[in-house]
Amino acid sequence: MNEPLPVPINALFGTDFVTLLVLVTSTDTMAEVAEKVAANVVGKRVARRNAPMAVYYQDEPVPNDWTVAQAGIGPLQFVFVDYLED
């Protein structure tokens, strides 16, 4: 089994104007990445919504059950996280 490795990523959540440096692990799923990014923004600068979130890497949505390693996201690479439209 692969040991989780720390992966610092650059992230932007939805309409927020602040990019973030967020520490995730190589074994985090995209759902976990979305939550870690949202924790810094939602309820502070972006309104909380009762909707699922998605992670986009290289302008493509990444399946929620994929890990950071499976998606090929490396240190300091950029991801965009946002609520999915209803």
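Everything numeric here is computed off the predicted structure, so don't read it as measured data. Hydrogens, waters and symmetry mates are skipped; everything else that's a heavy atom, side chains included, is used.
Smallest separation of non-hydrogen atoms from Lys36 and Asn40: O-ND2, 2.9 Å. Nearest approach of Gln77 to Gly72, heavy atoms of both residues: OE1-O, 3.4 Å.
Applying the side-chain hydrogen bond (donor to acceptor under 3.5 Å, both in side chains) test to Gln58 and every residue at least two apart in sequence or in another chain returns nothing. Under the rule for a side chain to side chain contact (heavy atoms under 4.5 Å, CB included), the partners of Tyr56 that lie at least two apart in sequence or sit in another chain are Ala54, Pro61, Phe80, Leu84. Ser26 pairs by the side chain to side chain contact (heavy atoms under 4.5 Å, CB included) definition with Leu5, Val7, Ala69, not counting sequence neighbours. Every residue meeting the side chain to side chain contact (heavy atoms under 4.5 Å, CB included) condition with Ala71, not counting sequence neighbours, appears here in chain and number order: Met30, Val62, Trp66, Ile73. Thr25 meets the side-chain hydrogen bond (donor to acceptor under 3.5 Å, both in side chains) test with Thr27, Asp28; sequence neighbours excluded. Applying the side chain to side chain contact (heavy atoms under 4.5 Å, CB included) rule to Arg48 yields the partners Val42, Tyr83; only residues at least two apart in sequence or on another chain are considered.
Within the structure, ring pair (Phe, Tyr, Trp, His ring centres under 6.0 Å) contacts touching residues 20-39 (residues at least two apart or in different chains) do not occur. Within the structure, salt bridge (charged side-chain N to carboxylate O under 4.0 Å, His left out) contacts touching residues 4-15 (residues at least two apart or in different chains) do not occur. Among residues at least two apart or in separate chains, there is no ring pair (Phe, Tyr, Trp, His ring centres under 6.0 Å) pair with a member in residues 22-42. Counting only residues at least two apart or on different chains, no ring pair (Phe, Tyr, Trp, His ring centres under 6.0 Å) pair has a member in residues 19-54. Among pairs with a residue in residues 64-84, none fulfils salt bridge (charged side-chain N to carboxylate O under 4.0 Å, His left out), at least two apart in sequence or across chains.
In this structure, the side chains of Ile9 and Val68 stay at 4.5 Å or more apart for every pair of heavy atoms.
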Name the atoms and distances for all side-chain donor-acceptor pairs under 3.5 Å in residues 14-22, with sequence neighbours left out.
residue : atom : partner : partner atom : Å
Asp16   : OD1  : Arg45   : NE           : 2.8
Asp16   : OD2  : Arg45   : NE           : 3.3
Asp16   : OD2  : Arg45   : NH2          : 2.9

